[in-house]
Amino acid sequence: MKGKALIGMAPLLLIAGCGSEKAPELPGDPVKGKMAITAYGCGSCHIIPDVPGANGHTGPTLERIAKRTYLAGVLPNTPEEMVRWIRAPEQVDPRTAMPNMAVSAGDAHDITAYLYTLK
Amino acid sequence: MTIRTRQRLIERIRKRLLMRLAVGLMGVLLAMAAGATMFVFWGVYNVSALQQHTEPVYSLLTTALDRSISQRAREVDVPPLEQPSMSERGLRHYRDNCVQCHGAPGVARHDVGKGMTPVPPNLAHTARNRTPAEIFWSIKHGIKMTGMPSWQFIFSDEEIWDIVAFMRQMASLSPTEYQAMAANANGKPKEAEVSRSFANPERGRLAMYGYACIACHRVPGLVGPQADVGPPLAGMGARRYIAGVLANNNDNMVRWLRHPTQVDPLTAMPDLDVTEQDAKDIAAYLETLK
């Protein structure tokens with residue numbers, strides 16, 4: 001019976017092992033960011049988890065984007081770089097198909113805060 | 001006591017014994033499963049490359065490896081290996097691609113080949129103890145969990161046979177002879193590849209392992225680290241752009257796979273020397289991902 005109890009514990013140990021990551025401090029508001037994503041229509045080109053209607057196939061999916069090593073294949077993924085990319089993609093990579101949507105600095109921070117919840 | 005009641009009693013005792021046996025067996029199996037789970041979970045096994053397996057584990061793994069290779073080598077047809085031109089070409093490939101881990105007569109392996117477990121074998125020894133078919137199979141397919149890569153997307157079968165031919169010659173070379181030969185052998189550009197006209201998606205799937213694509217991308221149909229260095233490739237067949245810069249069609253995908261840094265000089269995706277045929281096959285596989 002001791003064996004059974006140990007097997008029962010195994011999933012608990014797994015969960016305990018995964019939950020210890022610390023989220024980075026982000027200036028934006030993820031709830032406002034999610035609304036901004038809908039307002040700017042990001043979902044017409046990207047799959048974005050938990051954003052209704054965001055199922056575009058023009059650009060890459062943004063699933064687990066917080067874990068992505070590079071943004072757009074060119075930028076090391078940090079919150080600052082993500083804000084820069086969202087606001088002026090053509091300045092980061094002149095060849096990109098992603099348009100400049102005239103995103104305000106505040107909105108870009110909120111959107112980044114939301115995207116960083118996608119792990 | 002009638003015969004019938006006695007029979008019933010015996011029957012009851014037999015059933016009870018069987019039940020106990022079954023319960024006991026279940027208990028032992030559960031305890032073993034729990035033990036194995038904990039062994040993995042608590043990280044009991046030391047994976048350090050400098051902590052060699054114990055002798056019994058080492059023997060077991062080596063036997064499994066030997067048996068696996070010799071079973072599969074049976075399917076390999078061995079061509080004649082005696083022509084001198086073969087081992088001449090093989091020497092160049094050997095010097096440029098094998099020495100760093102395996103060394104050569106009188107030539108030390110590079111640092112990358114030193115602290116490995118299992119240790120990359122001395123190939124003069126291998127050439128004396130293995131059949132040409134076994135050596136060919138190991139080079140072509142590589143060996144899991146040993147550090148030996150598969151070379152089939154880098155060398156053609158003919159080139160691998162050249163290496164086998166040279167290894168057999170190497171087993172009887174003195175260090176001085178090897179070094180003189182290696183110094184005189186000129187590097188030669190790879191021969192123009194033969195492209196088939198059709199693309200093979202299943203071969204493309206294998207090629208994505210061969211070029212280490214899964215080190216950076218999640219690819220449906222491939223088992224791997226599920227790393228998000230670059231974007232996941234699920235739905236790639238339906239994606240409108242490649243890398244955010246190229247319209248997604250077959251020609252562009254082949255171009256991107258072969259020379260990403262020419263398409264976008266800023267990209268983190270490196271040129272992996274993908275051959276045209278391999279790129280076509282990979283593109284064919286990616287197109288199936290809707």
Side-chain angles (χ1 to χ4, degrees), chain A residues 1-18 42 44-49 54-78 81 84-86 89-100 115-116 118-119, chain B residues 23-43 215-220 225-248 252 255-257 260-270 286-287 289-290:
Chain A
M1 290 307 104
K2 199 176 174 190
K4 259 187 187 165
L6 280 172
I7 286 183
M9 273 166 65
L12 293 178
L13 287 171
L14 251 183
I15 293 163
C18 297
C42 310
S44 62
C45 289
H46 296 284
I47 292 172
I48 311 170
N55 57 4
H57 284 89
T58 303
T61 168
L62 303 187
E63 294 162 292
R64 296 178 309 280
I65 189 73
K67 298 264 188 191
R68 201 78 54 88
T69 306
Y70 293 98
L71 295 174
V74 302
L75 280 178
N77 186 5
T78 64
E81 295 287 46
R84 189 157 82 89
W85 170 253
I86 291 169
E90 78 287 355
Q91 280 177 27
V92 173
D93 186 351
R95 301 188 187 207
T96 185
M98 173 144 145
N100 185 325
L115 293 180
Y116 263 79
L118 304 177
K119 287 175 181 167
Chain B
V23 168
L25 212 67
M26 281 283 279
V28 169
L29 284 175
L30 278 172
M32 279 169 70
T37 311
M38 289 302 114
F39 184 79
V40 173
F41 251 173
W42 286 330
C216 293
H217 296 283
R218 290 172 183 248
V219 191
Q226 303 292 330
D228 288 301
V229 179
L233 303 185
M236 199 59 223
R239 194 96 42 97
R240 280 180 57 204
Y241 284 91
I242 301 166
V245 300
L246 276 182
N248 187 7
N252 277 344
R255 188 172 148 226
W256 168 254
L257 290 170
T261 58
Q262 281 177 23
V263 174
D264 188 351
L266 299 173
T267 185
M269 171 141 149
L286 293 176
E287 275 170 32
L289 305 176
K290 301 291 181 191

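Throughout, a chain's letter reflects where its sequence line sits, starting with A, and its residues are numbered from 1.
Electrostatic pairing of B:D228 and A:R64 counts as a salt bridge here, judged by a charged N lying under 4.0 Å from a carboxylate O.
When every heavy atom of A:R68 is checked against every heavy atom of B:P232, the shortest pair comes out as NH2-CD, 3.4 Å.
Your options are B:L246, B:D264, B:N248, and the one with the most heavy-atom pairs under 4.5 Å with chain A is B:D264. For the options B:R218, B:M236, B:M269, heavy-atom pairs under 4.5 Å to chain A are most numerous at B:R218.
Counting heavy atoms from C-beta outward, B:L266 and A:P94 have side chains that approach closer than 4.5 Å.
Using a 4.5 Å cut-off between heavy atoms, B:V263 touches chain A through its backbone atoms (N, CA, C, O) alone.
Residues passing the salt bridge (charged side-chain N to carboxylate O under 4.0 Å, His left out) test with A:E81 are A:R84, sequence neighbours excluded. Legend: residues meeting salt bridge (charged side-chain N to carboxylate O under 4.0 Å, His left out) with B:R240, ordered by chain and number and at least two apart, are absent.
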